[in-house]
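Per chain, numbering begins at 1; letters A, B, ... match sequence-line order.
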There are 2 protein chains.
Amino acid sequence: MAKRRSLDTDPCPVARSLDVMGDRWALLIVRDAFDGMRRFGEFQKSLGVARNILADRLRRLVDAGVLETRPASDGTSYEEYVLSPKGQALFPVIVGLRQWGEAHLFGPQDARSVMLEQASGQPIQRLALLDKQGRPLGPDDVKVKKVER
Amino acid sequence: MAKRRSLDTDPCPVARSLDVMGDRWALLIVRDAFDGMRRFGEFQKSLGVARNILADRLRRLVDAGVLETRPASDGTSYEEYVLSPKGQALFPVIVGLRQWGEAHLFGPQDARSVMLEQASGQPIQRLALLDKQGRPLGPDDVKVKKVER
DNA sequence: CCGTATCCATTCCGATACTG
DNA sequence: CAGTATCGGAATGGATACGG
């Protein structure tokens, strides 16, 4: 009784995304992968997560097509975990969470250890929805359209 | 033993965001709030979640400052839950998850029941990071800068 | 170093009964 | 309708031992 209902067939794409990525570790693993981490031990050290949990989450992300495995580049017989194109497409989500956290979850005295900037050294202005003319949109400019198929 | 470690003082803003919003229901509640839902029963019906869980999650989101309560507008003695400015700032995160799900979690035969468009009726192009000139940036254009405080 | 297996505590979640 | 209280089962997470 009381089995956890999967959202993988939910009509809402937000729900389906959360079914895959909506737990404590998945998006942190993806964050680290964007940071260039590939090895089991790198993730484990960065996250401080138990190894059995990490192994389970990596497996799920591989099954979901977010990560891909490849033979270790250092000749050892282990795996490396790299973002697939599908995983790379999560970039805006990671940035959105980062900017929200920076703006609303740090006090004035609080240490900020990371911030985003362009590779050129310029700070990034913001994350935005663009219309076809490249103009940024706000919540009130957007509506959800119900579609039958 | 084995107590769950909180991430609310983690130096990474992504981790702090996930500490607040990184569970199965929080972002779905916020999604519904963006959709105009305010009442306990509306959320419950939309999510199908158990009422005790919903009550707990609403309380946490209020405590976190993501939602605010106000007296019911219909004269009843209950509460309404509306997004605070802090909660509204999650808009890009919701949109990012929505677009990722639309792009990668629906098969060709699969029903899409919702899609985003501008209030004007135009489809939205995409979610992007903007530099100061308003140009969209990709993952390779961005780096993380470590900052001491 | 990379995992897997096992054990145990905590947390999550659904069902249901109950209150105002 | 809007919650609260309680229960039991499932999932999560940490520690640790073990094997490749």
Side-chain angles (χ1 to χ4, degrees), chain A residues 1-10 15 18-30 32-33 37-64 67-82, chain B residues 1-10 15 18-29 32-33 36-64 67-82:
Chain A
M1 208 199 317
K3 194 155 199 103
R4 193 169 146 124
R5 188 172 36 98
S6 173
L7 302 174
D8 63 353
T9 58
D10 193 286
L18 259 12
D19 192 62
V20 178
M21 306 303 301
D23 76 283
R24 192 172 195 69
W25 300 115
L27 282 166
L28 290 177
I29 291 171
V30 170
D32 283 350
M37 294 186 193
R38 303 180 161 206
R39 296 294 290 247
F40 188 94
E42 290 182 298
F43 292 112
Q44 205 279 325
K45 182 155 161 266
S46 164
L47 300 173
V49 61
R51 284 205 297 278
N52 52 350
I53 300 295
L54 177 59
D56 177 76
R57 290 306 185 282
L58 289 172
R59 193 168 17 231
R60 282 198 221 183
L61 290 172
V62 170
D63 289 347
L67 296 177
E68 293 170 353
T69 57
R70 61 175 59 168
S73 52
D74 61 356
T76 58
S77 67
Y78 305 118
E79 308 265 14
E80 286 186 355
Y81 302 88
V82 299
Chain B
M1 209 196 325
K3 203 172 193 88
R4 194 160 130 138
R5 186 173 37 99
S6 173
L7 301 175
D8 62 353
T9 58
D10 193 286
L18 259 12
D19 191 62
V20 178
M21 306 303 301
D23 77 282
R24 192 172 196 68
W25 300 115
L27 282 166
L28 290 176
I29 291 171
D32 282 351
M37 293 186 194
R38 302 179 162 208
R39 296 293 291 248
F40 189 93
E42 290 181 299
F43 292 113
Q44 205 279 324
K45 181 154 160 267
S46 164
L47 301 172
V49 62
R51 284 205 297 276
N52 52 351
I53 300 297
L54 177 59
D56 177 77
R57 290 305 185 281
L58 289 172
R59 193 167 17 228
R60 283 199 220 183
L61 289 172
V62 169
D63 290 347
L67 296 177
E68 293 170 354
T69 56
R70 61 176 58 167
S73 53
D74 62 355
T76 58
S77 67
Y78 304 118
E79 309 264 14
E80 286 186 356
Y81 303 89
V82 300

Could you state the CG-C1' distance from B/D56 to D/dA2, rounded to the nearest angstrom?
16 Å

Mind calculating the distance between CZ (B/R24) and P (C/dC12) to the nearest angstrom?
13 Å

Any idea which heavy atoms bring B/V20 and B/A64 closest together, and the distance?
CG1-CB, 3.8 Å

Under 4.0 Å between any heavy atoms, over every strand shown, what does A/Q44 touch: base, sugar-phosphate, or nothing? Just pick one.
nothing

Integer-rounded Å distance: D/dT16 P and A/L54 CG:
18 Å

Within the sub-3.5 Å range, which N or O atoms of nucleotides 16-19 of chain C have a protein N or O partner, and how far apart are they?
| unit_1 | atom_1 | unit_2 | atom_2 | d |
| --- | --- | --- | --- | --- |
| C/dA17 | N6 | B/R51 | NH2 | 3.3 |

Below 4.0 angstrom from OP1 or OP2 of C/dC13, is there any side-chain N or O of B/W25?
yes

Counting only side-chain nitrogens and oxygens, does A/R39 get under 4.0 Å of the OP1 or OP2 atom of C/dG3?
no

Spatial distance of atom CZ (A/R59) from atom OG1 (A/T69) [nearest 0.5 Å]:
12.0 Å

Give the minimum heavy-atom separation between B/M37 and B/S46, together with the two atoms involved.
CE-CB, 3.6 Å

Quick one: is B/R4 getting a side-chain N or O under 4.0 Å of the C/dT11 phosphate, OP1 or OP2?
no

In this structure, how many angstroms lie between the C1' atom of C/dC13 and the CG atom of B/L47, rounded?
13 Å

Rounded to whole angstrom units, what separation is found between the CD1 atom of A/I53 and the P atom of C/dT10?
16 Å

Counting only side-chain nitrogens and oxygens, does A/R60 get under 4.0 Å of the OP1 or OP2 atom of D/dA11?
no

Nearest to the side chain of A/R5, heavy atoms from C-beta on, is which of C/dG14, D/dG14, C/dG3?
C/dG14

The reported gap from CZ in B/R70 to OH in B/Y81 (rounded to nearest 0.5 angstrom) is 13.0 Å

Base, sugar-phosphate alone, or nothing: which one does B/R38 contact when heavy atoms must sit under 4.0 Å apart?
nothing

Any base atoms under 4.0 Å from B/Y81, or only sugar-phosphate, or nothing? Heavy atoms, all strands.
sugar-phosphate

Dump the intermediate steps for side chain to side chain contact (heavy atoms under 4.5 Å, CB included) on A/L18 and A/D10, then the final yes or no.
CA-CA 11 Å; A/L18 259 12; A/D10 193 286; over 6 Å; no

Starting at NZ of B/K45, measure out to CG of B/D32 and round the result to the nearest 0.5 Å.
11.0 Å

Along DNA chain C (nearest heavy atom to each residue), the more 5'-positioned of A/E42 and B/G48:
A/E42

Provide, to the nearest angstrom, the distance between the CZ atom belonging to B/R59 and the P atom belonging to D/dA5.
8 Å

Give me the atom names and distance for the closest heavy-atom approach of A/W25 to A/V49.
CE2-CG2, 3.8 Å

Rounded to whole Å, the CZ-C1' distance (A/R57 to D/dT12) equals 7 Å

Mind calculating the distance between CZ (B/F43) and P (D/dC1) to the nearest angstrom?
16 Å

